[in-house]
Protein chains: 2
Amino acid sequence: MDREIYEYRARILKAMANPSRLMIMDTLSSGEKSVAALQEMIGSDISTVSKHLSVLKSAHIVIDRRSGAQVFYRLAVPCILDFFSCVNMVIQSDAEKSGRVASMIG
Amino acid sequence: MDREIYEYRARILKAMANPSRLMIMDTLSSGEKSVAALQEMIGSDISTVSKHLSVLKSAHIVIDRRSGAQVFYRLAVPCILDFFSCVNMVIQSDAEKSGRVASMIG
DNA sequence: TTCTTGTTTGGTAGTATGACCAATCACGCA
DNA sequence: TGCGTGATTGGTCATACTACCAAACAAGAA
């Protein structure tokens with residue numbers, strides 16, 4: 001088996017596999033945002049947000065653009081979010097089994 | 001923002017974000033397999049494979065079925081693999097930029 | 001140049017991951 | 001009941017993640 005391709009894919013998934021980073025991606029789906037704007041959404045320290053963004057950038061999930069003192073980030077490949085229509089199926093089948101409410105799906 | 005849904009999604013992505021587990025998922029896309037069969041594909045210790053499977057099972061990505069002494073695993077939600085048509089776009093745009101070969105995409 | 005705003009980087013601490021070996025459990029058969 | 005095969009669990013170690021604070025950096029205004 002070609003291990004390299006799986007390592008590459010894993011790197012991308014790993015970059016996504018964090019609640020704050022998923023929030024960031026979701027926020028960016030409606031257009032580019034500055035670090036400060038994202039920080040307001042997420043609520044953690046701005047240095048933490050900046051590091052999350054650098055993780056997403058290293059994985060080529062977001063692209064940055066400087067404008068004066070601000071840096072704006074946007075999704076490089078918006079289809080990345082389509083994935084969750086399937087993830088939601090996992091959540092759904094789990095929620096049904098455990099009797100949790102459908103509001104989990106969002 | 002509803003942090004709970006992002007934590008749930010992150011848990012699923014985290015469960016997927018490992019090369020061996022992606023190999024397992026890919027292998028299971030062609031039908032259910034025993035732990036020993038998967039171990040042969042992956043190459044690591046069988047205890048390691050078993051632990052990977054338990055991670056995937058906890059995330060409701062795979063379902064197990066016992067038959068005699070053997071346990072067979074299969075994908076719970078096969079669409080989970082569709083995701084990679086998009087992940088490949090990330091790989092592709094990255095590969096173009098860095099001049100890496102298209103064989104990365106597999 | 002100096003100040004201010006916006007962002008990134010360095011350092012640290014606590015927690016989680018992933019690999020292996022050894023031991024245990026589950027099942028079917030003698 | 002005792003054996004053998006197949007799978008899981010416990011223990012350990014090295015490595016990686018994620019949060020925060022503090023310090024440094026980048027750009028524009030005074």
Side-chain angles (χ1 to χ4, degrees), chain A residues 1 3-4 6-28 31-74, chain B residues 1 3-4 6-28 31-74:
Chain A
M1 297 190 96
R3 194 161 186 97
E4 197 183 0
Y6 291 105
E7 278 169 3
Y8 206 102
R9 289 176 176 184
R11 238 172 289 151
I12 292 167
L13 286 167
K14 199 171 170 184
M16 295 175 69
N18 173 279
S20 298
R21 290 200 288 272
L22 289 175
M23 273 194 216
I24 289 172
M25 289 173 65
D26 223 16
T27 303
L28 294 184
E32 66 174 19
K33 302 277 182 300
S34 69
V35 181
L38 291 167
Q39 191 259 326
E40 210 173 330
M41 305 290 297
I42 309 304
S44 26
D45 192 274
I46 192 141
S47 69
T48 302
V49 174
S50 177
K51 280 180 182 171
H52 281 311
L53 286 165
S54 101
V55 170
L56 291 173
K57 187 180 162 186
S58 301
H60 306 278
I61 292 169
V62 300
I63 294 172
D64 63 332
R65 171 180 78 82
R66 180 176 280 275
S67 171
Q70 295 179 84
V71 178
F72 291 91
Y73 284 84
R74 64 188 155 85
Chain B
M1 296 190 99
R3 193 161 186 97
E4 197 183 0
Y6 291 105
E7 277 170 3
Y8 206 102
R9 289 176 175 184
R11 237 173 290 149
I12 292 168
L13 286 167
K14 199 170 169 184
M16 295 174 70
N18 173 280
S20 298
R21 290 199 288 273
L22 289 175
M23 273 194 215
I24 288 172
M25 289 172 66
D26 222 19
T27 303
L28 293 182
E32 65 174 21
K33 303 277 182 300
S34 70
V35 181
L38 291 168
Q39 191 259 325
E40 210 172 329
M41 303 290 297
I42 309 303
S44 25
D45 193 275
I46 192 144
S47 70
T48 301
V49 173
S50 177
K51 282 180 182 173
H52 281 312
L53 286 165
S54 101
V55 170
L56 291 173
K57 187 180 162 185
S58 302
H60 307 279
I61 292 169
V62 300
I63 294 172
D64 62 332
R65 172 180 77 82
R66 180 175 280 277
S67 171
Q70 294 178 84
V71 178
F72 290 90
Y73 284 85
R74 65 188 154 86

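Just so we're on the same page: letters track the sequence lines, and every chain starts at 1.
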Give every donor-acceptor pair under 3.5 Å between a side-chain atom in residues 35-44 of chain A and any protein atom, sequence neighbours left out.
residue	atom	partner	partner atom	Å
A/Gln39	NE2	A/Ser44	O	3.0

Give the table of side-chain donor-acceptor pairs shorter than 3.5 Å for residues 65-73 of chain A, with sequence neighbours excluded, one pair per line with atom names and distance.
residue	atom	partner	partner atom	Å
A/Arg65	NE	A/Glu32	OE1	3.3
A/Arg65	NE	A/Glu32	OE2	3.3
A/Arg65	NH2	A/Glu32	OE2	2.4
A/Arg66	NH1	A/Gly68	O	3.2

Fill in the blank from the handout: B/S/- along nucleotides 21-30 of chain C (protein heavy atoms under 4.0 Å) is BB---SSS--
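The side chain of B/His52 sits closest to C/dG18 out of D/dT18, D/dA7, C/dG18. Out of C/dT7, D/dT18, D/dC17, the shortest distance to the side chain of A/Asn18 is found at D/dT18. For A/Val71, counting side-chain heavy atoms from C-beta on, the closest listed nucleotide (D/dA19, C/dA16, C/dT7) is C/dT7.
Spacing between atom CD1 of A/Ile24 and atom P of C/dT7 amounts to 13 Å, rounded to whole angstrom units. One interatomic measurement links the two molecules: CE of B/Met16 to P of C/dG18, which rounds to 14 Å at whole-angstrom precision. In this structure, B/Gln39 atom CD and D/dG6 atom P are separated by 11 Å, rounded to whole Å. Between the CD1 atom of B/Ile46 and the P atom of D/dG4 there is a distance of 19 Å, rounded to whole Å. Per the geometry, CD belonging to B/Glu40 stands 12 Å off P belonging to D/dA7, to the nearest Å. For the pair A/Leu53 CG and D/dA19 P, the computed distance is 12 Å after rounding to whole Å. We find that CD of B/Gln70 is positioned 11 Å from P of D/dT8, with the value rounded to whole Å. Rounded to a whole Å, the CG atom of B/Leu56 is 14 Å from the C1' atom of C/dT17.
Judged by distance alone, with hydrogens and angles left aside, the side-chain atoms of A/Thr27 form a donor-acceptor pair with the main-chain N or O of A/Met23 at under 3.5 Å.
B/Lys33 pairs by the side-chain hydrogen bond (donor to acceptor under 3.5 Å, both in side chains) definition with B/Ser30, not counting sequence neighbours. Every residue meeting the salt bridge (charged side-chain N to carboxylate O under 4.0 Å, His left out) condition with B/Asp64, not counting sequence neighbours, appears here in chain and number order: B/Lys57.
Within the 4.0 angstrom heavy-atom criterion, no nucleotide atom of any strand lies near A/Lys57. Using a 4.0 Å heavy-atom distance criterion, B/Tyr73 is classed as a sugar-phosphate-only contact.
Residues B/Leu28 and B/Leu56 are not in side-chain contact: their nearest non-hydrogen atoms beyond the backbone lie 4.5 Å or more apart.
Side-chain nitrogen and oxygen atoms of A/Lys14 include none within less than 4.0 Å of the OP1 or OP2 phosphate oxygen of D/dA16.
Note on residues 11-23 of chain B: no pairs pass salt bridge (Lys or Arg N to Asp or Glu O under 4.0 Å), not counting sequence neighbours.
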